[in-house]
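Heads up: the structure comes next, in structure tokens.
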Amino acid sequence: MTARRRAAIIGTGHRAQMYTKALAARAHYDVSLLSDTSPTRMAHHSALLTSLGSPEAATCAPAGFAEALRAHRIDEVVVTTVDATHHTYITTALEAGCRVVTEKPMTTDAAKCASILGTLDRTGGDLSVTFNYRYNPAHEKVWQLLHDGAIGEIRSVHFEWLLDVRHGADYFRRWHREKRHSGGLLVHKSGHHFDLVNWWLGASPSRVHAEGGLVFYGRDNGERTGLRRDYVRAHGSPEAATDPYAIDLTADPNLDSLYVRAEAAGDSDYVRDRNVFGDAIDIEDDLALLVRYDTGATMTYHLTAYSPWEGYRVMFNGTGGRLELEVEENTWQPPRTPSGAGAEHGGVVMANPGRTTILHRPLWEAPREVTYEKAAGSHGGGDLRMLKELFGPLGDGSDAGAAPAAGKGATARDGALALAVGVAGNESLATGRPVETAGLW
């Protein structure tokens with residue numbers, strides 16, 4: 001009989017629930033340790049474990065994480081803390097001999113990335129980065145077409161990603177709105193997209209030029225457009241009650257349990273529902289990049305975080321034609337009474353999904369739509385497939401169709417290459433000049 005793997009999860013917020021559930025559902029895993037600054041959030045995850053038939057896990061504060069890994073004989077660690085602290089717990093776990101799975105982005109700046117890569121070289125450890133968009137069947141089909149030479153040599157890419165005013169606004173309520181925590185959207189959100197392009201092209205980014213700014217959210221923009229309401233955070237604020245950009249944490253049992261109750265208990269000062277047209281926002285909401293790759297291909301990229309619809313368009317131009325991917329994740333977002341439901345993107349399929357189309361346009365031939373085998377679930381079915389590759393099958397046959405994606409999962413090198421575009425983009429925003437990625441770490 002295969003020995004059960006002893007797992008630890010550090011960072012027991014909303015996103016970590018996916019991993020708590022996934023590990024508890026697998027007979028070959030025990031969630032043996034939870035670590036967080038908030039006992040209330042750890043208690044939420046302990047209750048989640050017991051509801052799934054697993055025993056409660058031991059708990060520890062992050063300051064005692066290294067010691068707890070040894071004391072509880074942990075084999076694997078899942079890192080789901082604030083992005084800027086990923087490196088601390090990744091390197092600690094690698095030094096303890098654990099296999100590590102980290103939420104994207106791997107980290108937020110060049111020095112922290114160098115620390116992770118150096119620790120991997122020294123320990124010979126194992127680190128996976130959870131770029132779940134690789135596992136979306138549509139993205140896998142694109143990968144296959146490109147690698148089969150459907151459009152010849154790929155010379156350029158245009159990539160437009162739109163976040164709607166529900167999902168996009170959420171980054172401006174949370175800790176993500178401060179670049180020191182998240183690296184900004186070029187690192188936290190666009191890292192998904194940069195990884196996809198690196199993976200699709202089989203290429204490494206070499207030069208990045210970025211333009212952008214905070215043009216919609218924030219106090220000044222809210223006052224200029226008349227969208228600002230005068231409150232600091234939504235919870236307990238009459239001014240927020242009719243603001244479509246606000247969120248009611250108490251309307252979602254998970255958000256209430258993880259954040260409102262943690263504040264009430266006095267063990268967390270994290271405010272999850274700040275005014276998106278408030279102060280202390282230093283990340284951008286509109287970003288344009290020009291990226292060159294080591295293959296000679298280029299990419300033009302644009303991220304808009306205040307769109308009426310959510311989705312993306314990716315166009316590949318090659319020596320044998322053109323390939324176009326369009327995904328309508330959410331075709332529109334109605335105004336509504338503020339609600340916690342659906343505030344966290346990816347946990348459920350969006351309310352008003354549209355079509356996903358892949359169009360192949362060969363030279364001298366009529367265009368044709370490409371069919372592919374779709375998958376159900378969040379992130380286009382990608383989460384279930386990713387979890388199966390990371391942690392193995394459930395064992396009951398319920399994920400039999402969740403085959404691993406082409407090209408396998410993302411390694412630390414992949415995490416660093418995706419990060420390189422965002423870090424270079426942030427430096428370019430600050431200096432106004434193109435940045436070579438080779439000098440980052």
Side-chain angles (χ1 to χ4, degrees), residues 131-164 189-209 287-304 307-332 349-350 352-376 379-382 385 403 405-408 414 417-418 421:
F131 286 120
N132 51 11
Y133 266 110
R134 286 189 176 208
Y135 298 84
N136 182 317
H139 299 162
E140 183 178 6
K141 187 65 176 180
V142 168
W143 183 93
Q144 194 65 60
L145 288 164
L146 296 175
H147 282 253
D148 286 347
I151 61 169
E153 295 178 3
I154 306 162
R155 307 317 303 157
S156 65
V157 182
H158 177 67
F159 197 147
E160 179 186 27
W161 198 290
L162 302 166
L163 296 171
D164 70 23
K189 182 60 183 173
S190 299
H192 264 314
H193 319 152
F194 304 147
D195 175 68
L196 278 176
V197 175
N198 295 342
W199 179 61
W200 278 329
L201 300 186
S204 299
S206 58
R207 184 186 307 138
V208 180
H209 184 199
L287 289 151
L289 270 70
L290 177 62
V291 183
R292 176 169 288 279
Y293 294 87
D294 59 359
T295 59
T298 58
M299 174 178 69
T300 52
Y301 172 85
H302 204 113
L303 174 69
T304 303
S307 171
W309 71 280
E310 176 133 343
Y312 46 102
R313 300 184 179 102
V314 193
M315 283 74 80
F316 303 88
N317 298 302
T319 56
R322 179 177 168 95
L323 190 67
E324 301 173 354
L325 169 67
E326 180 164 333
V327 181
E328 296 177 315
E329 291 190 327
N330 205 40
T331 56
W332 67 291
V349 176
M350 292 192 187
N352 300 297
R355 294 190 68 210
T356 294
T357 56
I358 302 172
L359 194 62
H360 182 203
R361 297 178 181 271
L363 295 179
W364 312 112
E365 297 180 36
R368 50 184 175 264
E369 187 169 335
V370 178
T371 60
Y372 66 96
E373 187 174 346
K374 297 178 174 62
H379 289 112
R385 303 173 93 213
K408 304 298 183 183
D414 298 319
L417 289 175
V421 183

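Residue numbers start at 1 and run along the sequence shown.
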> Which of these, T300, T298, N317, sits in a side chain to side chain donor-acceptor pair (under 3.5 Å) with H158?
Replying inline: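 Only one option passes, and that is T300.
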>> Go through it in stages, so that I can follow the logic: the residues are V142 and V314, the test is side-chain contact (heavy atoms from CB on, under 4.5 Å), and I'd like the CA-CA distance, side-chain angles, deciding distance and then a yes or no.
In response: CA-CA 10 Å; V142 168; V314 193; over 6 Å; no
For [X] versus [Y], what's the shortest heavy-atom pair and its separation?
{"X": "A418", "Y": "G191", "result": "CB-O, 3.7 Å"}
{"X": "P353", "Y": "T331", "result": "C-CG2, 4.0 Å"}
{"X": "P137", "Y": "E373", "result": "CB-O, 3.3 Å"}
{"X": "A203", "Y": "T295", "result": "CB-CG2, 3.7 Å"}

Nearest 0.5 Å, what's the [atom1]-[atom2] distance between [X] and [Y]?
{"X": "S156", "Y": "R292", "atom1": "OG", "atom2": "CZ", "result": "10.5 Å"}
{"X": "L163", "Y": "E310", "atom1": "CG", "atom2": "CD", "result": "5.0 Å"}
{"X": "H302", "Y": "W161", "atom1": "NE2", "atom2": "CH2", "result": "14.5 Å"}
{"X": "I151", "Y": "L363", "atom1": "CD1", "atom2": "CG", "result": "9.5 Å"}

> Listed by chain and number, what are the side-chain contact (heavy atoms from CB on, under 4.5 Å) partners of S307, not counting sequence neighbours?
Replying inline: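 Per chain and number, S307 pairs via side-chain contact (heavy atoms from CB on, under 4.5 Å) with L162, W309.
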> Among all residues two or more places apart in sequence or in another chain, which pass the salt bridge (charged side-chain N to carboxylate O under 4.0 Å, His left out) test with E160?
Replying inline: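 Applying salt bridge (charged side-chain N to carboxylate O under 4.0 Å, His left out) to E160 gives R313.
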Side chain to side chain, [X] and [Y], heavy atoms closer than 4.5 Å:
{"X": "Y372", "Y": "Q144", "result": "no"}
{"X": "Y301", "Y": "V197", "result": "no"}
{"X": "F194", "Y": "L289", "result": "yes"}
{"X": "Y293", "Y": "N198", "result": "yes"}

Any sub-3.5 Å donor-acceptor pair from [X]'s side-chain atoms to [Y]'s backbone N or O?
{"X": "N330", "Y": "N352", "result": "yes"}
{"X": "H147", "Y": "L201", "result": "no"}
{"X": "N132", "Y": "G382", "result": "no"}
{"X": "N136", "Y": "A138", "result": "yes"}
{"X": "W200", "Y": "H139", "result": "yes"}
{"X": "T319", "Y": "E153", "result": "yes"}

> Checking salt bridge (Lys or Arg N to Asp or Glu O under 4.0 Å) against E369, which of R355, K141, R361 comes through?
Replying inline: R355
>> Using the rule given for side-chain contact (heavy atoms from CB on, under 4.5 Å), can you reason through L146 versus L323, listing the C-alpha separation, both sets of side-chain angles and the distance that settles it, and then say yes or no?
In response: CA-CA 8 Å; L146 296 175; L323 190 67; 3.9 Å; yes
> Would you call the rings of Y312 and F159 parallel, tilted or perpendicular if under 30° counts as parallel and over 60° as perpendicular?
Replying inline: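 Judged by the thresholds at 30° and 60°, the geometry between Y312 and F159 is tilted.
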> What pairs of residues pass the salt bridge (Lys or Arg N to Asp or Glu O under 4.0 Å) test when at least one of them lies in residues 193-207, not counting sequence neighbours?
Replying inline: R134-D195, R207-E436
>> Go through it in stages, so that I can follow the logic: the residues are H192 and F131, the test is side-chain contact (heavy atoms from CB on, under 4.5 Å), and I'd like the CA-CA distance, side-chain angles, deciding distance and then a yes or no.
In response: CA-CA 6 Å; H192 264 314; F131 286 120; 4.0 Å; yes
